[in-house]
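In listed order, ligands and their atoms are each counted from 1. In this text, all values refer to a predicted model and were calculated from it rather than measured experimentally. Along the sequence shown, residues are numbered consecutively beginning with 1. When reading the values below, keep in mind they use all heavy atoms of this one structure, side chains included, and skip hydrogens, waters and symmetry mates.
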Amino acid sequence: MTDSKFITKLMPSKSDEALSLGAEYLRKGEVVAIPTETVYGLAGNAMSEGAVAKIYEAKGRPSDNPLIVHISSLQMWEQLVEKITDDARLLAEKFWPGPLTIILPKSERVPMKTTGGLDTVAVRMPSHKDTLRLIELSDIPIAAPSANLSGLPSPTSAEHCMRDLEGKIPLILDGGECDVGIESTIISLCNDTPILLRPGKITAEQLGAVLKKPVKISEAVLNPLKKGEKAFSPGMKYKHYSPKAKVILVRGSLEGFKNRFNNSPKGTYALVFKGEEEEFSQRAAAYGFEHDADSQSKNIFSLLRRMDDLGAELVLVRCPHEDEALGVYNRLLRAAAFDVEEV
Ligand code: TXA
Ligand code: MG
């Protein structure tokens, strides 16, 4: 590799040595890949413009796309926001540490670079215990987008991070496969009505039940941006999470899906529900049980990556149920650039 800046080390995140090295890099303004319960993150000091610039560069990410800041204590949160509102506190008490990101107006101290020029900041306390220790050890809030190259499926293992970032960063902490498998739920509490900007394991219903008021689901969750429209959450743009292969979501019966598959060219692969894969040639894999969002979330990104390893040209995906697995549906819609076929 000619453009390598680093010989990337891979170390188990449970080792003390790895965590102190990680904390040292973070304090020095370098970036490090870290495990979280959702997906792997590409971590850097959220308060340092230089470190944040390195994150955008390693990921190849447009700098108008704001980063999520990861904390290990509520005191850290106080430094980052104008004020922790009662609603925000309620949600944090119930869901942190865990896969929920809360957006509030930011304090002066958070660099605009971290928030992509917005005057709000997205914060979460992750539950992976090694990463919580890493944040405590480094004693700084950690900005971390998903540790994939921009546009590719998010990484759910250290190996995925290595594929995308080898040579670009000094260290990857290996904390095993991610439990959840899709990114955190994002809620904005910047207005009177709470708005769900990105669906994840924690649902709008669960959030509404704690807040005792309805949570509005942002239009961008299920729809492409209209031409010229500005994204409320810039990461919800058109195409994202995509393998090289073309992805099409196929909604309808298993019979209809089989017909579509059997009439497709040779390089076509199928992602189906557990129990259905036997009905296909080898060119099929199951990504989860039909009515179980958690099992689908855990596998979907690694299977999308596997499709490229297998040289797939077209991937047909059994469409998850929107009302049961909104997070998975939202990611697949983007992986497919909103190409949904009814059968
Ligand atoms: O689970 C997760 O949240 C993972 C792990 C590593 O913690 N992180 C993650 O980060 O998914 P990223 O950068 O890939 O996605 C962050 C999303 C983007 O869609 C971004 O536009 C949105 O959060 N976001 C961040 N700050 C925002 C803000 N102030 N207002 C609106 N959207 C924001
Ligand atoms: Mg991402």
Under 4.0 Å from a heavy atom of [X]: which atoms of ligand 1 are those, numbered in the order shown and with their elements?
X	answer
A122	25 (C), 26 (N), 27 (C)
L118	28 (C), 29 (N), 30 (N)
S184	1 (O), 2 (C), 3 (O)
I186	17 (C), 22 (C), 23 (O)

Should [X] be listed as contacting ligand 1, given a heavy-atom distance under 4.0 Å as the test?
X	value
T120	yes
R124	yes
A144	yes

Compute whether any side-chain donor of one residue and acceptor of the other, for [X] and [Y], lie under 3.5 angstrom apart.
X	Y	result
E183	S154	yes
S295	D292	yes
R124	T36	yes

Notebook entry, point to check: Honestly curious: do M47 and W77 fall in one hydrophobic cluster under the side-chain, below-4.5 Å linking rule?
Noted result: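 Hydrophobic grouping puts M47 with W77.
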Checklist line | Connected via hydrophobic side-chain network under 4.5 Å: L152 and I55 | finding: yes
Considering both backbone and side-chain atoms of [X], is one of its nitrogen or oxygen atoms within less than 3.5 Å of a nitrogen or oxygen in ligand 1?
X	result
H70	yes
Y40	no
N65	yes
K59	no

Does [X] reach the main-chain N or O of [Y] with its side chain, forming a donor-acceptor pair under 3.5 Å?
X	Y	answer
K246	V315	no
T185	I202	yes
Y56	K113	yes
R318	G252	yes

Margin query: With 2.8 Å as the threshold, which protein atoms of type N, O or S lie near the Mg ion (ligand 2)? Leave waters out.
Written below: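 As for protein N, O or S atoms lying under 2.8 Å from the Mg ion (ligand 2), they are S146 OG.
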Next item on the list: Flag the pair D164 and R305 as a salt bridge only when some basic side-chain nitrogen lies within less than 4.0 angstrom of an acidic carboxylate oxygen.
Entry: yes
Note to self: For atom 31 (C) of ligand 1, which of the options L100, I68, I103 provides the nearest non-hydrogen atom?
What the structure shows: I103
Notebook entry, point to check: With ILVMFWY side chains joined below 4.5 Å, transitively, what does V272's cluster contain besides itself?
Noted result: I248, V250, L254, F257, F261, F280, L314, L316, V343
Checklist line | ligand 1 versus K201: contacting region, heavy-atom distance under 4.0 Å | finding: neither
Check: Less than 4.5 Å apart, any side-chain heavy atom of Y241 and any of I300?
Finding: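 SC-SC contact between Y241 and I300 ruled out.
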